[in-house]
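Residue numbers run from 1 in the order of the sequence given. Not measured: the values here are computed from a predicted model.
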Amino acid sequence: MSNSYVLVVNSGSSSLKFAVIDSQSGDAIVSGLGECFGLSEAVISWKYQGEKTEETIDYPDNHHQHAVDRIVKLIESLGLNDNIIAIGHRVVHGGEKFTSTVRINEQVITEIEQLAELAPLHNLAHVKGIRAAVKAFPSLPQFVVFDTAFHQTMPKKAYRDAIPTELYDEYAIRRYGFHGTSHYYVSREAAKMLDKDVNDTNVISVHLGNGASVCAIRDGQSVDTSMGFTPQAGLMMGTRSGDIDPGIIEFLLKKGWTQEQVFDTLYKKSGFLGLSGLTSDARGVLEAMEQGNEDAKLAFEVFTYRVAKYIASYMIPLQRVDAIIFTGGIGENSLPIRREILNYLRVFGFVEDEAGNEAARFGNSGVIARSELHNAVAMVIPTNEELVIVRESVALLD
Ligand code: ADP
């Protein structure tokens with residue numbers, strides 16, 4: 001039997017990530033990135049058999065379509081066409097409409113477009129990528145996997161904000177949560193590693209990357225998560241503030257700041273970048289801290305303290321926890337950050353497994369702490385959102 005591959009597309013406003021993935025092994029055959037869309041120097045690059053190639057996109061506009069057209073040619077030239085059985089797209093916002101992966105048709109595209117009110121930058125960019133792919137691969141079945149879908153199982157008490165009900169009824173203002181594909185993936189992997197039925201497994205999934213969120217998963221279902229109406233809520237992140245008192249916004253507006261200045265600051269200049277004054281990148285912050293930089297140390301302390309507080313609060317919806325899972329670039333790699341968070345979790349009986357914590361890096365999973373009190377482990381599991389997109393697409397094909 002010949003190999004079957006899925007083309008995974010993640011289309012952003014100024015970029016488009018893609019990968020052709022073997023649906024059995026999960027290996028990427030070729031993966032790449034189109035970027036600087038909308039600028040004069042739009043480029044597309046890809047990695048195939050360890051070798052990287054980069055080309056400029058020599059068109060003045062419509063870079064999403066030209067990038068996808070280039071991907072079609074690339075796939076042809078590598079002789080992969082006949083093996084591709086489906087295309088899976090990542091979409092950030094599925095609102096309350098989409099609770100699982102769906103096959104793309106015109107109505108689905110229109111609905112994603114309508115949901116752009118909730119995620120203007122993301123959803124419209126996704127639609128550009130989807131339309132380009134539908135045009136370029138008219139005969140292939142295509143699917144959309146939503147970042148919000150996994151959290152649609154949250155109970156009302158978790159997803160409603162304590163603001164007038166009219167705002168929910170009229171504008172659909174509520175907590176949606178994001179990173180659902182990652183939380184879903186690691187919770188399933190954790191159940192496998194613990195040799196438990198996922199429907200009887202309670203985990204706290206801690207995704208720490210440039211964006212960061214925590215999710216309480218009870219019996220395999222999301223019951224609470226730290227991101228809310230937008231991915232700005234919850235934890236401190238690379239450049240995002242996470243939870244702040246909304247009174248700060250009012251205060252700054254009264255001080256004469258424009259709306260743009262306020263939101264630009266909270267979205268793009270806060271978090272690790274804002275507190276350290278140096279960089280949004282956790283590695284850079286840790287390096288500066290090691291060299292004695294006090295601002296970097298504060299950024300580290302605020303970040304780890306807040307993550308630990310969120311984890312502790314999710315003991316309430318779960319009552320019983322089997323595993324705390326660290327994932328995302330920071331969660332998978334940063335020993336000092338995990339160690340500091342685990343120190344706070346001593347209150348729940350967690351004792352660091354130092355050798356385990358040191359070994360679980362750079363793509364390795366493993367147990368990094370144990371709690372006899374809760375009969376639970378803390379573990380690292382590298383996330384793989386693309387693999388979920390591949391599996392969900394193949395499952396719907398069948
Ligand atoms: P995104 O949310 O954009 O997908 P990632 O999940 O790739 O981001 O995470 C990026 C973050 O992971 C950055 O802050 C980076 O510094 C951090 N990171 C990656 N490797 C390490 C490492 N070895 N130690 C500490 N942080 C790391």
Side-chain angles (χ1 to χ4, degrees), residues 1-12 15-37 42-57 63-91 101 103-104 125-126 128-147 181-182 184-186 188-189 192 209 327-329 332 362-365 381-398:
M1 202 182 85
S2 64
N3 292 340
S4 48
Y5 302 154
V6 174
L7 170 64
V8 175
V9 177
N10 183 354
S11 168
S15 68
L16 187 144
K17 268 195 217 162
F18 68 96
V20 175
I21 295 177
D22 185 317
S23 65
Q24 276 87 40
S25 68
D27 294 336
I29 308 300
V30 53
S31 61
L33 173 69
E35 53 191 332
C36 303
F37 291 0
V43 289
I44 182 164
S45 61
W46 60 87
K47 217 162 104 182
Y48 177 66
Q49 294 184 340
E51 205 170 301
K52 198 170 168 190
T53 310
E54 181 170 303
E55 269 180 17
T56 52
I57 301 179
H63 291 140
H64 286 83
Q65 187 68 54
H66 293 304
V68 171
D69 292 343
R70 185 64 190 87
I71 296 169
V72 176
K73 280 199 199 135
L74 174 66
I75 286 171
E76 271 168 14
S77 69
L78 298 175
L80 305 175
N81 310 45
D82 293 344
N83 298 92
I84 297 188
I85 55 170
I87 301 180
H89 296 265
R90 172 188 175 234
V91 166
T101 299
R103 187 162 175 163
I104 289 178
H126 297 320
K128 276 191 191 168
I130 292 171
R131 287 207 186 279
V134 167
K135 200 165 158 202
F137 299 93
S139 59
L140 274 180
Q142 307 205 20
F143 302 91
V144 226
V145 179
F146 297 92
D147 269 10
T181 317
S182 174
Y184 171 88
Y185 175 78
V186 297
R188 270 61 196 163
E189 288 299 298
K192 270 192 241 162
T327 194
E332 291 167 28
F362 311 125
N364 294 319
S365 19
I381 301 180
T383 196
N384 195 339
E385 290 156 285
E386 277 98 358
L387 190 56
V388 176
I389 297 176
V390 169
R391 286 180 182 160
E392 300 253 310
S393 302
V394 171
L396 282 184
L397 261 185
D398 294 344

Identify the heavy atoms of [X] and [Y] that sit nearest to each other, and give their distance.
{"X": "Tyr48", "Y": "Ile29", "result": "CD1-O, 3.4 Å"}
{"X": "Gly129", "Y": "Leu16", "result": "CA-CD1, 4.3 Å"}
{"X": "Ala133", "Y": "His89", "result": "CB-CE1, 3.6 Å"}

With rounding to the nearest 0.5 angstrom, report the [atom1] to [atom2] distance, [X] to [Y].
{"X": "Arg391", "Y": "Ile21", "atom1": "CZ", "atom2": "CD1", "result": "10.5 Å"}
{"X": "Thr181", "Y": "Arg90", "atom1": "OG1", "atom2": "CZ", "result": "7.0 Å"}
{"X": "Thr327", "Y": "Ile381", "atom1": "OG1", "atom2": "CD1", "result": "7.5 Å"}
{"X": "Phe18", "Y": "Ile71", "atom1": "CZ", "atom2": "CD1", "result": "4.5 Å"}
{"X": "Ser4", "Y": "Asp22", "atom1": "OG", "atom2": "CG", "result": "6.5 Å"}
{"X": "Ile84", "Y": "Tyr5", "atom1": "CD1", "atom2": "OH", "result": "9.0 Å"}

Contact list for residues 131-142, test salt bridge (Lys or Arg N to Asp or Glu O under 4.0 Å), sequence neighbours left out: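 Sorted result for residues 131-142: Glu106-Arg131, Glu113-Arg131.
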Lys17: side-chain contact (heavy atoms from CB on, under 4.5 Å) partners, not counting sequence neighbours: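 Applying side-chain contact (heavy atoms from CB on, under 4.5 Å) to Lys17 gives Asn10, Leu33.
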Under 3.5 Å: donor-acceptor pair, side chain of His126, backbone of Ser11: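 Here the side-chain-to-backbone pair exists.
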Backbone N/O of Val145 and side chain of Glu392: donor-acceptor pair under 3.5 Å: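 Flag not set: sc Glu392 to bb Val145 has no pair under 3.5 Å.
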Identify all side-chain donor-acceptor contacts of residues 72-83 below 3.5 Å with residues at least two apart in sequence or on another chain.
from, atom 1, to, atom 2, distance (Å)
Ser77, OG, Lys73, O, 3.4
Ser77, OG, Leu74, O, 2.8
Asn83, ND2, Asn3, O, 2.7

Glu55 bridged to Arg70 by N-O distance under 4.0 Å: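 Salt bridge between Glu55 and Arg70, a charged N being under 4.0 Å from a carboxylate O: yes.
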Aromatic ring pairing His63/Phe37, orientation class (parallel under 30°, perpendicular over 60°, tilted between):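 Tilted.
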